[in-house]
Amino acid sequence: DAPVLMIPLQTKVCRSIATLSQTNLHFGEIQGIGAGVRKRKLQLQNPCDSPLLFRIEKSGSISSSDVKFPNALSVGGILNPMAECEVPFEFSPSFPGKFRETIRFVNILNPECGSAILNVKASVKERENFWIQRLRLDFGKCCIESRSNVQR
C-alpha cells in the first residue's frame with residue numbers, strides 16, 4: 001500500500017467585468033454620405049482581480065460595417081486586472097437616415113453579466129439634389145466687369 005498524500009489546495013473565486021467610460025455615443029447630424037470619417041476613442045476598464053478576455057460584437061445590421069475597429073481589436077483582446085485601455089474606432093456612414101448600432105464588448109469568461117454595451121447613434125442627412133431641365137445653358141454675351149442680360 002502506498003501512503004496517502006494530502007495536498008492543500010486553495011482557490012479563489014473571482015469574476016471579471018468589462019465597463020466602458022461611456023455607454024451612449026451620439027455623433028449628431030452628419031451632412032451627406034461619405035462626409036468623412038469620424039474617429040473616437042473609448043476607455044474599456046477591468047475593475048476586477050482577474051484578466052478580462054473580451055470580444056467585440058456588432059448587431060449585424062446592414063449598417064454595422066459603418067463602425068470599424070483597428071485590425072488588432074477587430075476580434076477582441078485581453079485586459080489586465082485593474083487596468084484600462086483605449087479602444088479606437090471609426091465611423092463612416094454609408095446610408096442616409098437614422099443610424100443606431102449596438103456594440104457589445106462581450107466578456108468571454110463571464111458573458112452573462114460581465115459584458116459592456118455601447119449605443120452609437122447618428123442622423124445622416126442626404127444632400128439635396130437638383131435637376132437641370134435643359135442641358136444647354138446660354139449665358140449670353142459676357143463682358144468684363146459687367147453683367148450679362150437676363151435670359152429665361
Side-chain angles (χ1 to χ4, degrees), residues 13-152:
V13 177
C14 60
R15 64 181 197 179
S16 56
I17 299 173
T19 60
L20 288 171
S21 57
Q22 63 186 104
T23 56
N24 294 304
L25 181 61
H26 199 304
F27 283 98
E29 190 172 290
I30 298 173
Q31 293 295 325
I33 300 167
V37 175
R38 309 291 202 276
K39 296 182 179 183
R40 294 286 190 273
K41 293 180 182 177
L42 292 171
Q43 293 288 332
L44 181 64
Q45 296 130 0
N46 178 12
C48 298
D49 293 332
S50 61
L52 171 67
L53 281 74
F54 68 93
R55 74 174 174 267
I56 299 171
E57 288 181 354
K58 300 180 202 174
S59 68
S61 69
I62 193 167
S63 58
S64 287
S65 61
D66 293 353
V67 178
K68 294 179 180 73
F69 291 91
N71 288 340
L73 283 175
S74 62
V75 177
I78 300 172
L79 189 56
N80 290 330
M82 301 296 187
E84 62 181 45
C85 70
E86 277 190 343
V87 180
F89 71 96
E90 297 176 349
F91 172 63
S92 175
S94 60
F95 295 104
K98 300 276 184 203
F99 176 85
R100 183 179 178 132
E101 178 67 26
T102 302
I103 300 169
R104 290 177 44 97
F105 292 83
V106 179
N107 183 343
I108 296 171
L109 299 176
N110 193 11
E112 305 85 34
C113 62
S115 300
I117 297 173
L118 173 68
N119 295 307
V120 181
K121 299 177 189 175
S123 179
V124 182
K125 300 288 183 186
E126 192 169 14
R127 292 190 180 126
E128 291 188 24
N129 298 326
F130 62 93
W131 179 258
I132 298 175
Q133 304 239 344
R134 297 182 319 187
L135 296 178
R136 186 171 158 251
L137 297 175
D138 184 9
F139 291 103
K141 185 178 179 183
C142 296
C143 297
I144 298 175
E145 296 184 18
S146 65
R147 293 180 169 212
S148 66
N149 294 332
V150 175
Q151 308 249 335
R152 294 191 189 241

**Student:** Enumerate the residue pairs fulfilling salt bridge (Lys or Arg N to Asp or Glu O under 4.0 Å) with a member in residues 62-71, sequence neighbours excluded, ordered by first and then second residue.
**Tutor:** none

**Student:** Working to the nearest 0.5 angstrom, can you tell me the gap between Ile117 CD1 and Ile103 CD1?
**Tutor:** 11.0 Å

**Student:** CG of Asn24 to NE2 of His26: how many Å apart, nearest 0.5 Å?
**Tutor:**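 Nearest 0.5 Å value for the CG-NE2 distance: 9.5 Å.
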
**Student:** With side chains defined as the heavy atoms from C-beta onward, is the minimum distance between Pro88 and Lys39 less than 4.5 Å?
**Tutor:**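 No - every pair of side-chain heavy atoms lies 4.5 Å or more apart.
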
**Student:** If every non-hydrogen atom of Pro51 is compared with every non-hydrogen atom of Ser16, which pair is closest and at what distance?
**Tutor:** O-CB, 3.6 Å

**Student:** Are Thr19 and Pro47 side-chain neighbours, meaning at least one heavy-atom pair lies under 4.5 Å?
**Tutor:** yes

**Student:** With rounding to the nearest 0.5 angstrom, report the CG to CG distance, Leu53 to Asn110.
**Tutor:** 12.0 Å

**Student:** Do you know the tightest heavy-atom contact between Asn107 and Ser115?
**Tutor:**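 Looking at all heavy atoms of both residues, the shortest contact is N-OG, 3.2 Å.
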
**Student:** CD/Glu29 to NZ/Lys125 distance, rounded to the nearest 0.5 angstrom?
**Tutor:**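 So the gap between those two atoms works out to 4.5 Å.
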
**Student:** Kindly determine whether Ser21 and Gln45 satisfy side chain to side chain donor-acceptor pair (under 3.5 Å), including the steps that lead there.
**Tutor:** CA-CA 8 Å; Ser21 57; Gln45 296 130 0; 5.3 Å; no

**Student:** Are the side chain of Glu101 and the backbone N or O of Ser59 linked by a donor-acceptor pair below 3.5 Å?
**Tutor:**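 Confirmed, Glu101 side chain pairs with Ser59 backbone.
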
**Student:** So which atom in Lys98 and which in Ser123 form the shortest heavy-atom distance, rounded to 0.1 Å?
**Tutor:** NZ-OG, 4.0 Å

**Student:** Apply ring pair (Phe, Tyr, Trp, His ring centres under 6.0 Å) to Phe91 and list each qualifying residue two or more places apart in sequence or on a separate chain.
**Tutor:** Phe27, Phe99

**Student:** Are any of the side-chain heavy atoms of Glu90 and Arg38 separated by less than 4.5 Å?
**Tutor:** no

**Student:** Quick one: pull up CD1 in Ile62 and OG in Ser94 and give me the separation to the nearest 0.5 Å.
**Tutor:**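 Answer rounded to 0.5 Å: 7.5 Å.
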
**Student:** Do the side chains of Leu118 and Val120 get nearer than 4.5 Å, heavy atoms only?
**Tutor:** yes

**Student:** Enter the distance from Leu20:CG to Phe105:CZ here, rounded to the nearest 0.5 Å.
**Tutor:** 5.5 Å

**Student:** Write down the atom of Leu79, the atom of Glu84, and the distance for their closest heavy-atom approach.
**Tutor:** CD1-C, 3.9 Å

**Student:** Give me the atom names and distance for the closest heavy-atom approach of Cys48 to Ile17.
**Tutor:** SG-N, 3.5 Å

